[in-house]
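Right, one structure below, let's go through it.
Just so you know, these numbers use all the heavy atoms, side chains as well, and skip hydrogens, waters and symmetry mates. Everything quoted here is computed from the prediction, not taken from an experiment.
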Amino acid sequence: MQADENRLIERVRRGELAAATELVDRFYEAIYAYLRRLTGNDADAADLTQRTFARVWPAMDRFAGRSLLRSWLHGIAHHVWQDWRRSNHRLEARPDAWWEACRDDRPGPDERAAAADLACALYAAVDQLDPAVRETVHLHYYQGLTLEETADVLGVASSTVKYRVRNALVELKASVAAEPKPPQTLIPSRTP
Amino acid sequence: MNPPEDEIENTLRHVPRPVPTPGLRQQLINQIPAAGAARSGETTNGRARPAWLLRWWPALGLGSLAAVSLVVLGVQQAEVAELRRAIEVLSQPTAQTAAASAAIGPSDPVPATVPTEDGAAELARLRAAVAVLTQQVATLEALGVENQRLQQQLANPTTPDGEVLQELEKAREKAQRIACINNMKQMGLAARVWATDNDDVLPPDILSMTNELVTPKILICPADTTRTVATGWGEFGAGNVSYEFLAPSASETEPTRVAFRCPIHGSVTLVDGSVQQLEPQSPRLTNVNGKLYLGAPVAASPSSTVRQPGAGMDARMRERYGLKPADVDPGANTGPSQP
(Lines give C-alpha, C1' and ligand atoms only; values in the text may rest on other atoms or scores of the structure.)
Protein backbone atom coordinates (compact mmCIF):
# COMPACT_ATOMS: atom_id res chain seq x y z
CA MET A 1 0.00 0.00 0.00
CA GLN A 2 2.84 2.36 0.80
CA ALA A 3 4.55 1.54 -2.51
CA ASP A 4 1.30 2.08 -4.37
CA GLU A 5 0.87 5.45 -2.69
CA ASN A 6 4.44 6.44 -3.50
CA ARG A 7 3.85 5.67 -7.18
CA LEU A 8 0.66 7.70 -7.15
CA ILE A 9 2.43 10.65 -5.52
CA GLU A 10 5.21 10.57 -8.09
CA ARG A 11 2.70 10.54 -10.91
CA VAL A 12 0.87 13.50 -9.38
CA ARG A 13 4.16 15.41 -9.06
CA ARG A 14 4.87 14.80 -12.72
CA GLY A 15 1.57 16.50 -13.47
CA GLU A 16 -0.51 13.53 -14.59
CA LEU A 17 -4.16 14.54 -14.51
CA ALA A 18 -5.27 10.91 -14.25
CA ALA A 19 -3.17 10.44 -11.11
CA ALA A 20 -4.59 13.59 -9.50
CA THR A 21 -8.12 12.44 -10.35
CA GLU A 22 -7.39 9.06 -8.81
CA LEU A 23 -6.17 10.75 -5.64
CA VAL A 24 -9.36 12.82 -5.46
CA ASP A 25 -11.53 9.74 -5.95
CA ARG A 26 -9.70 7.85 -3.21
CA PHE A 27 -9.95 10.45 -0.48
CA TYR A 28 -12.53 13.16 -1.18
CA GLU A 29 -15.48 11.26 0.34
CA ALA A 30 -13.66 10.62 3.59
CA ILE A 31 -12.46 14.23 3.80
CA TYR A 32 -15.96 15.48 3.04
CA ALA A 33 -17.48 13.22 5.72
CA TYR A 34 -14.96 14.45 8.30
CA LEU A 35 -15.65 18.11 7.52
CA ARG A 36 -19.39 17.56 7.25
CA ARG A 37 -19.61 16.19 10.77
CA LEU A 38 -17.58 19.08 12.12
CA THR A 39 -19.24 21.96 10.28
CA GLY A 40 -22.81 20.67 10.42
CA ASN A 41 -23.96 21.61 6.92
CA ASP A 42 -23.37 20.59 3.30
CA ALA A 43 -22.33 23.97 1.88
CA ASP A 44 -19.57 24.65 4.38
CA ALA A 45 -18.34 21.07 4.18
CA ALA A 46 -18.13 21.22 0.38
CA ASP A 47 -16.36 24.59 0.55
CA LEU A 48 -13.81 23.35 3.07
CA THR A 49 -13.23 20.17 1.06
CA GLN A 50 -12.37 22.29 -1.97
CA ARG A 51 -10.04 24.43 0.13
CA THR A 52 -8.36 21.30 1.46
CA PHE A 53 -7.60 19.92 -1.97
CA ALA A 54 -6.60 23.39 -3.23
CA ARG A 55 -3.82 23.24 -0.61
CA VAL A 56 -2.87 19.68 -1.48
CA TRP A 57 -1.58 20.31 -5.01
CA PRO A 58 1.02 23.02 -4.20
CA ALA A 59 2.11 21.12 -1.10
CA MET A 60 2.58 17.79 -2.87
CA ASP A 61 6.27 18.52 -3.53
CA ARG A 62 6.87 19.06 0.20
CA PHE A 63 5.22 15.78 1.25
CA ALA A 64 8.19 13.78 2.49
CA GLY A 65 6.36 10.47 2.91
CA ARG A 66 7.02 10.21 6.65
CA SER A 67 3.32 9.55 7.20
CA LEU A 68 0.61 7.90 5.18
CA LEU A 69 -1.09 9.99 2.52
CA ARG A 70 -4.37 9.54 4.35
CA SER A 71 -3.14 11.08 7.59
CA TRP A 72 -1.36 13.88 5.68
CA LEU A 73 -4.61 14.81 3.92
CA HIS A 74 -6.54 14.67 7.18
CA GLY A 75 -3.93 16.96 8.71
CA ILE A 76 -4.52 19.54 5.97
CA ALA A 77 -8.30 19.18 6.40
CA HIS A 78 -7.94 19.62 10.15
CA HIS A 79 -6.02 22.89 9.72
CA VAL A 80 -8.48 24.14 7.12
CA TRP A 81 -11.31 23.49 9.56
CA GLN A 82 -9.50 25.22 12.42
CA ASP A 83 -8.83 28.29 10.24
CA TRP A 84 -12.49 28.34 9.24
CA ARG A 85 -13.64 28.05 12.84
CA ARG A 86 -11.38 30.92 13.96
CA SER A 87 -12.86 33.23 11.35
CA ASN A 88 -16.04 33.47 13.44
CA HIS A 89 -17.74 30.45 12.00
CA ARG A 90 -18.56 28.99 15.41
CA LEU A 91 -20.81 25.98 15.22
CA GLU A 92 -22.12 26.54 18.72
CA ALA A 93 -23.64 29.94 17.93
CA ARG A 94 -26.68 28.58 16.09
CA PRO A 95 -29.88 30.55 16.75
CA ASP A 96 -33.00 28.73 17.91
CA ALA A 97 -34.71 29.41 14.59
CA TRP A 98 -32.02 27.42 12.82
CA TRP A 99 -32.65 24.34 14.99
CA GLU A 100 -36.41 24.75 14.56
CA ALA A 101 -35.95 24.56 10.81
CA CYS A 102 -34.23 21.21 11.23
CA ARG A 103 -37.03 19.65 13.27
CA ASP A 104 -37.71 16.06 12.40
CA ASP A 105 -41.42 15.23 12.49
CA ARG A 106 -40.99 11.49 12.21
CA PRO A 107 -41.28 9.25 15.22
CA GLY A 108 -38.49 9.93 17.72
CA PRO A 109 -35.75 7.55 18.80
CA ASP A 110 -37.83 6.01 21.59
CA GLU A 111 -39.70 4.06 18.96
CA ARG A 112 -36.55 2.60 17.48
CA ALA A 113 -34.43 -0.36 18.37
CA ALA A 114 -32.02 -0.23 21.33
CA ALA A 115 -29.05 -0.12 18.99
CA ALA A 116 -30.44 3.01 17.32
CA ASP A 117 -31.03 4.58 20.75
CA LEU A 118 -27.44 3.90 21.69
CA ALA A 119 -26.13 5.32 18.40
CA CYS A 120 -28.22 8.49 18.71
CA ALA A 121 -27.19 9.01 22.30
CA LEU A 122 -23.54 8.34 21.54
CA TYR A 123 -23.28 10.70 18.57
CA ALA A 124 -25.03 13.44 20.52
CA ALA A 125 -22.74 12.81 23.51
CA VAL A 126 -19.68 13.08 21.27
CA ASP A 127 -20.72 16.63 20.41
CA GLN A 128 -20.65 17.50 24.10
CA LEU A 129 -17.10 16.32 24.65
CA ASP A 130 -14.18 18.61 25.24
CA PRO A 131 -13.03 19.93 21.78
CA ALA A 132 -9.66 18.17 21.85
CA VAL A 133 -11.27 14.84 22.85
CA ARG A 134 -14.04 15.31 20.30
CA GLU A 135 -11.54 15.84 17.46
CA THR A 136 -9.72 12.68 18.55
CA VAL A 137 -12.98 10.68 18.39
CA HIS A 138 -13.75 12.06 14.94
CA LEU A 139 -10.37 11.10 13.56
CA HIS A 140 -9.81 7.75 15.30
CA TYR A 141 -13.32 6.28 15.23
CA TYR A 142 -15.27 8.12 12.57
CA GLN A 143 -12.46 8.45 10.04
CA GLY A 144 -10.76 5.17 10.99
CA LEU A 145 -7.27 6.56 11.50
CA THR A 146 -4.87 4.60 13.72
CA LEU A 147 -3.62 6.10 16.98
CA GLU A 148 -0.32 7.07 15.37
CA GLU A 149 -2.02 8.67 12.37
CA THR A 150 -4.37 10.56 14.66
CA ALA A 151 -1.40 11.81 16.66
CA ASP A 152 0.27 12.96 13.40
CA VAL A 153 -2.80 14.91 12.34
CA LEU A 154 -3.29 16.61 15.70
CA GLY A 155 0.41 17.20 16.31
CA VAL A 156 0.47 15.45 19.71
CA ALA A 157 2.11 12.34 21.12
CA SER A 158 0.56 8.88 20.69
CA SER A 159 0.23 8.54 24.46
CA THR A 160 -1.83 11.74 24.52
CA VAL A 161 -4.18 10.33 21.87
CA LYS A 162 -4.49 7.11 23.84
CA TYR A 163 -5.30 9.08 26.97
CA ARG A 164 -7.95 11.14 25.16
CA VAL A 165 -9.54 8.00 23.70
CA ARG A 166 -9.73 6.53 27.16
CA ASN A 167 -11.29 9.71 28.54
CA ALA A 168 -13.79 9.76 25.69
CA LEU A 169 -14.94 6.19 26.35
CA VAL A 170 -15.36 6.91 30.05
CA GLU A 171 -17.35 10.07 29.38
CA LEU A 172 -19.51 8.47 26.70
CA LYS A 173 -20.24 5.45 28.86
CA ALA A 174 -21.30 7.71 31.71
CA SER A 175 -23.46 9.79 29.38
CA VAL A 176 -25.45 6.88 27.96
CA ALA A 177 -25.76 4.85 31.18
CA ALA A 178 -29.32 4.51 32.46
CA GLU A 179 -28.25 5.18 36.07
CA PRO A 180 -25.67 7.97 35.81
CA LYS A 181 -22.58 6.73 37.63
CA PRO A 182 -20.29 9.28 39.29
CA PRO A 183 -17.85 10.11 36.55
CA GLN A 184 -14.19 10.15 37.46
CA THR A 185 -12.31 13.40 37.75
CA LEU A 186 -10.14 13.73 34.68
CA ILE A 187 -7.25 16.00 33.96
CA PRO A 188 -8.65 18.54 31.44
CA SER A 189 -6.93 18.20 28.05
CA ARG A 190 -5.19 21.24 26.58
CA THR A 191 -6.91 22.97 23.70
CA PRO A 192 -4.68 22.69 20.55
CA MET B 1 -28.59 1.50 29.13
CA ASN B 2 -25.13 0.55 30.26
CA PRO B 3 -23.29 -0.71 27.22
CA PRO B 4 -19.84 -2.21 27.45
CA GLU B 5 -16.96 -0.23 26.00
CA ASP B 6 -16.42 -2.53 23.05
CA GLU B 7 -20.02 -1.97 21.98
CA ILE B 8 -19.51 1.78 22.25
CA GLU B 9 -16.35 1.58 20.15
CA ASN B 10 -18.09 -0.60 17.59
CA THR B 11 -20.97 1.88 17.34
CA LEU B 12 -18.57 4.79 16.91
CA ARG B 13 -16.64 2.98 14.19
CA HIS B 14 -19.85 2.34 12.24
CA VAL B 15 -21.02 5.93 12.25
CA PRO B 16 -23.05 6.75 9.11
CA ARG B 17 -21.03 8.53 6.44
CA PRO B 18 -22.55 11.68 4.95
CA VAL B 19 -22.91 11.60 1.18
CA PRO B 20 -21.02 14.37 -0.66
CA THR B 21 -23.07 16.99 -2.42
CA PRO B 22 -23.69 16.39 -6.13
CA GLY B 23 -21.05 17.98 -8.31
CA LEU B 24 -18.40 18.19 -5.62
CA ARG B 25 -16.21 15.56 -7.25
CA GLN B 26 -16.25 17.39 -10.58
CA GLN B 27 -15.46 20.70 -8.85
CA LEU B 28 -12.45 19.12 -7.16
CA ILE B 29 -11.24 17.67 -10.46
CA ASN B 30 -11.71 21.00 -12.19
CA GLN B 31 -9.50 22.74 -9.67
CA ILE B 32 -6.61 20.34 -10.30
CA PRO B 33 -3.79 22.47 -11.72
CA ALA B 34 -2.83 21.93 -15.35
CA ALA B 35 0.14 19.64 -16.12
CA GLY B 36 3.42 21.43 -15.57
CA ALA B 37 1.90 23.87 -13.10
CA ALA B 38 0.91 21.11 -10.63
CA ARG B 39 4.06 21.77 -8.65
CA SER B 40 4.75 24.62 -6.25
CA GLY B 41 4.13 27.14 -9.05
CA GLU B 42 7.42 28.95 -8.56
CA THR B 43 8.95 30.00 -11.87
CA THR B 44 11.91 32.05 -12.97
CA ASN B 45 11.72 33.82 -16.33
CA GLY B 46 8.83 31.57 -17.31
CA ARG B 47 10.75 28.35 -16.54
CA ALA B 48 10.24 26.19 -13.45
CA ARG B 49 13.13 25.99 -11.01
CA PRO B 50 14.66 22.53 -10.73
CA ALA B 51 13.52 20.56 -7.69
CA TRP B 52 17.11 19.93 -6.55
CA LEU B 53 17.66 23.70 -6.23
CA LEU B 54 14.56 24.07 -4.04
CA ARG B 55 15.88 21.34 -1.78
CA TRP B 56 19.54 22.33 -1.61
CA TRP B 57 19.47 26.15 -1.66
CA PRO B 58 19.88 26.51 2.13
CA ALA B 59 23.03 24.38 2.12
CA LEU B 60 24.38 26.11 -1.00
CA GLY B 61 23.70 29.53 0.53
CA LEU B 62 25.57 28.69 3.73
CA GLY B 63 28.46 27.18 1.78
CA SER B 64 28.76 30.27 -0.39
CA LEU B 65 28.74 32.49 2.66
CA ALA B 66 31.50 30.42 4.26
CA ALA B 67 33.62 30.55 1.10
CA VAL B 68 33.28 34.32 0.82
CA SER B 69 34.18 34.69 4.49
CA LEU B 70 37.33 32.61 3.97
CA VAL B 71 38.38 34.71 0.99
CA VAL B 72 37.89 37.96 2.90
CA LEU B 73 39.83 36.55 5.84
CA GLY B 74 42.70 35.54 3.56
CA VAL B 75 42.88 39.01 2.02
CA GLN B 76 42.89 40.63 5.45
CA GLN B 77 45.65 38.30 6.64
CA ALA B 78 47.75 39.25 3.63
CA GLU B 79 47.25 42.96 4.35
CA VAL B 80 48.20 42.45 7.99
CA ALA B 81 51.40 40.65 6.98
CA GLU B 82 52.26 43.46 4.57
CA LEU B 83 51.74 46.06 7.29
CA ARG B 84 53.96 44.09 9.70
CA ARG B 85 56.74 44.04 7.16
CA ALA B 86 56.39 47.79 6.67
CA ILE B 87 56.52 48.36 10.44
CA GLU B 88 59.68 46.28 10.74
CA VAL B 89 61.31 48.28 8.00
CA LEU B 90 60.32 51.61 9.53
CA SER B 91 61.39 50.58 13.03
CA GLN B 92 65.03 50.41 11.96
CA PRO B 93 65.81 54.16 11.77
CA THR B 94 69.36 53.94 13.11
CA ALA B 95 70.46 51.57 10.47
CA GLN B 96 68.89 53.69 7.81
CA THR B 97 70.28 56.90 9.30
CA ALA B 98 73.77 55.44 9.45
CA ALA B 99 73.39 54.27 5.94
CA ALA B 100 72.22 57.71 4.96
CA SER B 101 75.14 59.35 6.80
CA ALA B 102 77.59 57.00 5.24
CA ALA B 103 76.11 57.88 1.95
CA ILE B 104 77.10 61.52 2.56
CA GLY B 105 80.76 61.65 1.64
CA PRO B 106 83.31 64.44 2.27
CA SER B 107 82.68 65.82 -1.16
CA ASP B 108 78.99 66.23 -0.39
CA PRO B 109 77.99 69.69 0.69
CA VAL B 110 77.06 70.13 4.37
CA PRO B 111 73.31 70.51 4.80
CA ALA B 112 72.39 74.11 5.50
CA THR B 113 71.18 75.03 9.02
CA VAL B 114 67.48 75.85 9.75
CA PRO B 115 66.74 79.48 9.20
CA THR B 116 66.02 81.65 12.31
CA GLU B 117 62.40 82.41 11.42
CA ASP B 118 61.52 78.68 11.54
CA GLY B 119 63.18 78.25 14.95
CA ALA B 120 60.36 80.07 16.77
CA ALA B 121 57.77 77.86 15.10
CA GLU B 122 59.78 74.78 15.96
CA LEU B 123 59.98 75.94 19.58
CA ALA B 124 56.24 76.46 19.76
CA ARG B 125 55.67 73.05 18.29
CA LEU B 126 57.98 71.45 20.82
CA ARG B 127 56.29 73.25 23.73
CA ALA B 128 52.88 71.99 22.58
CA ALA B 129 54.28 68.49 22.35
CA VAL B 130 55.64 68.79 25.90
CA ALA B 131 52.20 69.80 27.18
CA VAL B 132 50.55 66.81 25.49
CA LEU B 133 53.17 64.43 26.80
CA THR B 134 52.83 65.82 30.32
CA GLN B 135 49.07 65.17 30.19
CA GLN B 136 49.66 61.64 28.95
CA VAL B 137 52.14 60.99 31.74
CA ALA B 138 49.53 62.09 34.31
CA THR B 139 46.95 59.77 32.75
CA LEU B 140 49.44 56.92 32.81
CA GLU B 141 50.19 57.51 36.46
CA ALA B 142 46.47 57.42 37.34
CA LEU B 143 46.09 54.19 35.40
CA GLY B 144 49.04 52.75 37.25
CA VAL B 145 47.42 53.52 40.61
CA GLU B 146 44.12 51.94 39.49
CA ASN B 147 46.00 48.89 38.25
CA GLN B 148 47.67 48.46 41.60
CA ARG B 149 44.35 48.71 43.41
CA LEU B 150 42.73 46.09 41.17
CA GLN B 151 45.67 43.77 41.59
CA GLN B 152 45.32 44.05 45.34
CA GLN B 153 41.61 43.23 45.03
CA LEU B 154 42.39 40.14 42.99
CA ALA B 155 44.96 39.04 45.53
CA ASN B 156 42.47 39.49 48.45
CA PRO B 157 38.96 38.68 47.22
CA THR B 158 36.24 39.82 49.66
CA THR B 159 33.62 37.38 50.80
CA PRO B 160 29.97 38.28 50.39
CA ASP B 161 28.28 39.61 53.50
CA GLY B 162 25.65 37.79 55.52
CA GLU B 163 22.67 39.42 53.79
CA VAL B 164 23.84 38.33 50.37
CA LEU B 165 24.42 34.79 51.64
CA GLN B 166 20.90 34.72 53.05
CA GLU B 167 19.41 35.81 49.74
CA LEU B 168 21.41 33.18 47.90
CA GLU B 169 20.20 30.51 50.32
CA LYS B 170 16.55 31.55 49.83
CA ALA B 171 16.91 31.41 46.07
CA ARG B 172 18.45 27.96 46.28
CA GLU B 173 15.65 26.67 48.49
CA LYS B 174 13.03 28.07 46.13
CA ALA B 175 14.66 26.41 43.15
CA GLN B 176 14.76 23.09 45.01
CA ARG B 177 11.07 23.35 45.89
CA ILE B 178 10.13 24.08 42.30
CA ALA B 179 12.18 21.11 41.08
CA CYS B 180 10.56 18.90 43.76
CA ILE B 181 7.07 19.92 42.64
CA ASN B 182 8.01 19.18 39.05
CA ASN B 183 9.16 15.70 40.07
CA MET B 184 5.89 15.07 41.90
CA LYS B 185 3.88 16.24 38.93
CA GLN B 186 5.72 13.80 36.67
CA MET B 187 5.16 10.95 39.15
CA GLY B 188 1.45 11.76 39.31
CA LEU B 189 1.23 11.78 35.51
CA ALA B 190 3.12 8.48 35.27
CA ALA B 191 0.75 6.87 37.76
CA ARG B 192 -2.29 8.11 35.84
CA VAL B 193 -0.93 6.89 32.50
CA TRP B 194 -0.30 3.48 34.11
CA ALA B 195 -3.85 3.51 35.52
CA THR B 196 -5.25 4.23 32.03
CA ASP B 197 -4.01 0.82 30.89
CA ASN B 198 -4.95 -0.99 34.10
CA ASP B 199 -8.64 -0.44 34.80
CA ASP B 200 -8.16 3.03 36.37
CA VAL B 201 -6.18 1.65 39.30
CA LEU B 202 -2.89 3.15 40.42
CA PRO B 203 0.19 0.90 40.31
CA PRO B 204 1.01 -1.32 43.31
CA ASP B 205 4.54 0.06 43.59
CA ILE B 206 6.93 2.43 41.92
CA LEU B 207 8.79 -0.30 40.03
CA SER B 208 5.56 -1.16 38.15
CA MET B 209 5.56 2.21 36.41
CA THR B 210 9.20 2.41 35.35
CA ASN B 211 8.14 2.63 31.68
CA GLU B 212 6.07 5.70 32.43
CA LEU B 213 8.70 7.29 34.72
CA VAL B 214 11.43 7.05 32.04
CA THR B 215 14.28 8.05 34.43
CA PRO B 216 14.87 7.37 38.15
CA LYS B 217 16.24 10.90 38.59
CA ILE B 218 12.79 12.35 39.31
CA LEU B 219 12.40 10.09 42.35
CA ILE B 220 15.01 12.03 44.35
CA CYS B 221 13.98 15.33 45.96
CA PRO B 222 16.63 18.02 45.18
CA ALA B 223 16.76 18.87 48.90
CA ASP B 224 17.46 15.26 49.92
CA THR B 225 21.18 14.83 50.54
CA THR B 226 20.91 11.35 52.07
CA ARG B 227 19.82 9.46 48.94
CA THR B 228 21.38 8.90 45.53
CA VAL B 229 19.94 8.42 42.07
CA ALA B 230 19.78 4.76 41.00
CA THR B 231 22.10 3.99 38.09
CA GLY B 232 19.37 1.87 36.53
CA TRP B 233 16.03 0.29 37.34
CA GLY B 234 17.80 -3.01 38.01
CA GLU B 235 19.66 -1.43 40.94
CA PHE B 236 16.67 0.54 42.24
CA GLY B 237 15.97 0.27 45.96
CA ALA B 238 14.52 2.13 48.96
CA GLY B 239 17.63 4.29 49.13
CA ASN B 240 16.96 5.68 45.65
CA VAL B 241 13.56 7.32 46.24
CA SER B 242 12.81 10.33 48.46
CA TYR B 243 9.02 10.39 48.04
CA GLU B 244 6.41 8.33 49.90
CA PHE B 245 3.98 6.35 47.74
CA LEU B 246 0.85 6.35 49.93
CA ALA B 247 -1.84 5.01 47.58
CA PRO B 248 -0.67 1.76 45.95
CA SER B 249 -3.40 0.11 43.86
CA ALA B 250 -5.78 2.97 44.76
CA SER B 251 -8.83 3.59 42.59
CA GLU B 252 -9.26 6.83 40.67
CA THR B 253 -12.71 7.24 42.26
CA GLU B 254 -11.00 8.99 45.21
CA PRO B 255 -9.48 12.03 43.54
CA THR B 256 -8.55 13.81 46.79
CA ARG B 257 -6.60 10.91 48.20
CA VAL B 258 -2.87 11.55 48.60
CA ALA B 259 -0.81 9.37 46.24
CA PHE B 260 2.70 10.78 46.79
CA ARG B 261 4.20 12.97 49.51
CA CYS B 262 7.53 14.71 49.92
CA PRO B 263 8.66 14.26 53.53
CA ILE B 264 11.01 17.26 53.25
CA HIS B 265 8.79 19.94 51.71
CA GLY B 266 5.40 18.47 52.64
CA SER B 267 4.00 18.79 49.09
CA VAL B 268 1.56 16.10 48.00
CA THR B 269 0.37 14.62 44.71
CA LEU B 270 -3.28 13.57 44.69
CA VAL B 271 -4.81 10.63 42.87
CA ASP B 272 -6.25 13.03 40.28
CA GLY B 273 -2.71 14.07 39.34
CA SER B 274 -2.72 17.55 40.88
CA VAL B 275 0.12 18.69 43.13
CA GLN B 276 -0.56 20.74 46.29
CA GLN B 277 2.14 22.77 48.02
CA LEU B 278 1.77 22.12 51.74
CA GLU B 279 4.02 22.37 54.78
CA PRO B 280 5.15 19.20 56.56
CA GLN B 281 2.47 17.97 59.04
CA SER B 282 -0.10 20.26 57.40
CA PRO B 283 -3.50 20.26 59.23
CA ARG B 284 -5.26 20.11 55.84
CA LEU B 285 -4.44 16.40 55.58
CA THR B 286 -6.87 13.96 57.19
CA ASN B 287 -6.29 10.29 57.95
CA VAL B 288 -9.29 8.00 57.39
CA ASN B 289 -8.79 4.28 57.94
CA GLY B 290 -5.10 4.58 57.27
CA LYS B 291 -5.59 6.53 54.03
CA LEU B 292 -4.45 10.13 53.73
CA TYR B 293 -6.75 12.71 52.10
CA LEU B 294 -6.57 16.42 51.38
CA GLY B 295 -9.53 17.69 53.37
CA ALA B 296 -12.51 15.37 53.76
CA PRO B 297 -12.54 12.35 51.44
CA VAL B 298 -14.97 12.92 48.56
CA ALA B 299 -15.94 11.01 45.45
CA ALA B 300 -16.06 12.76 42.08
CA SER B 301 -19.17 14.94 41.61
CA PRO B 302 -21.81 13.97 39.06
CA SER B 303 -21.17 15.34 35.61
CA SER B 304 -23.51 18.01 34.29
CA THR B 305 -23.23 16.62 30.79
CA VAL B 306 -25.24 13.46 31.44
CA ARG B 307 -27.87 13.23 28.77
CA GLN B 308 -30.88 11.05 28.56
CA PRO B 309 -30.70 8.91 25.46
CA GLY B 310 -32.77 10.17 22.58
CA ALA B 311 -33.87 13.32 24.39
CA GLY B 312 -35.05 15.31 21.38
CA MET B 313 -31.56 15.48 19.74
CA ASP B 314 -32.43 13.36 16.78
CA ALA B 315 -32.89 16.11 14.15
CA ARG B 316 -29.74 17.92 15.24
CA MET B 317 -27.76 14.72 15.22
CA ARG B 318 -29.05 13.95 11.76
CA GLU B 319 -28.06 17.38 10.51
CA ARG B 320 -24.58 17.10 12.01
CA TYR B 321 -23.93 13.70 10.44
CA GLY B 322 -25.38 14.69 7.10
CA LEU B 323 -28.34 12.30 7.33
CA LYS B 324 -31.31 13.26 5.23
CA PRO B 325 -34.86 12.44 6.52
CA ALA B 326 -35.06 9.33 4.31
CA ASP B 327 -31.63 8.05 5.35
CA VAL B 328 -30.92 4.67 6.82
CA ASP B 329 -31.25 3.68 10.45
CA PRO B 330 -28.10 4.85 12.23
CA GLY B 331 -28.07 1.65 14.29
CA ALA B 332 -27.38 -0.53 11.23
CA ASN B 333 -24.00 -0.95 9.58
CA THR B 334 -23.96 1.22 6.48
CA GLY B 335 -20.80 -0.13 5.01
CA PRO B 336 -17.11 0.38 5.63
CA SER B 337 -16.39 3.36 7.83
CA GLN B 338 -12.84 3.81 6.63
CA PRO B 339 -11.83 5.48 3.37
Contact leader toward chain B among Ile31(A), Thr52(A), Asp25(A), Val24(A), where contacts are heavy-atom pairs under 4.5 Å: Asp25(A)

Pairing residues for Arg261(B) by the salt bridge (charged side-chain N to carboxylate O under 4.0 Å, His left out) criterion, not counting sequence neighbours: Glu244(B)

Most chain B-contacting option - heavy-atom pairs closer than 4.5 Å, from Val137(A), Thr49(A), Val165(A), Leu129(A): Thr49(A)

Value rounded to 0.5 Å, distance of CG in Leu17(A) from CD1 in Ile29(B): 8.0 Å

Flag if over 12 foreign heavy atoms under 6.0 Å of CG, Asp199(B): no

Partner chain B: residue of Ser159(A), Ala59(A), Ala46(A), Ala33(A) with the largest heavy-atom pair count (under 4.5 Å): Ala33(A)

Derivation of the side chain to side chain contact (heavy atoms under 4.5 Å, CB included) call for Tyr163(A) and Arg192(B): CA-CA 9 Å; Tyr163(A) 186 72; Arg192(B) 287 194 60 83; 3.3 Å; yes

Glu5(B) and Arg166(A) ion-paired at < 4.0 Å: yes

Test log, rule side chain to side chain contact (heavy atoms under 4.5 Å, CB included), inputs Leu172(A) and Leu12(B): CA-CA 10 Å; Leu172(A) 292 173; Leu12(B) 290 175; 3.8 Å; yes

Closest contact, heavy atoms only, Arg37(A) versus Pro16(B): NH2-O, 3.2 Å

Presence of salt bridge, Lys162(A) and Asp197(B), under 4.0 angstrom: yes

Chain B contact via Val126(A) - side chain, backbone, both or neither, heavy atoms under 4.5 Å: side chain

Worked check of side chain to side chain contact (heavy atoms under 4.5 Å, CB included) between His140(A) and Arg13(B): CA-CA 8 Å; His140(A) 180 56; Arg13(B) 288 200 172 96; 3.9 Å; yes

Inter-residue atom distance Tyr34(A).OH - Arg17(B).CZ, 0.5 Å rounding: 14.0 Å

Side chain to side chain contact (heavy atoms under 4.5 Å, CB included) evaluation trace for Arg51(A) with Gln31(B): CA-CA 10 Å; Arg51(A) 288 191 207 179; Gln31(B) 77 178 31; over 6 Å; no

Any Leu24(B) side-chain heavy atom under 4.5 Å of Glu29(A) side chain: no

Residue pair Tyr123(A) / Thr11(B), side-chain heavy-atom distance below 4.5 Å: yes

Flag if over 12 foreign heavy atoms under 6.0 Å of CH2, Trp233(B): yes

Trp57(A) versus Ile32(B), closest heavy-atom pair with distance: CZ2-CG1, 3.6 Å

Test item: Lys173(A) and Glu7(B) side chains (from C-beta on) under 4.5 Å apart, heavy atoms: no

Pairwise distance OG1(Thr196(B)) to CZ(Arg164(A)) - rounded to 0.5 angstrom: 13.5 Å

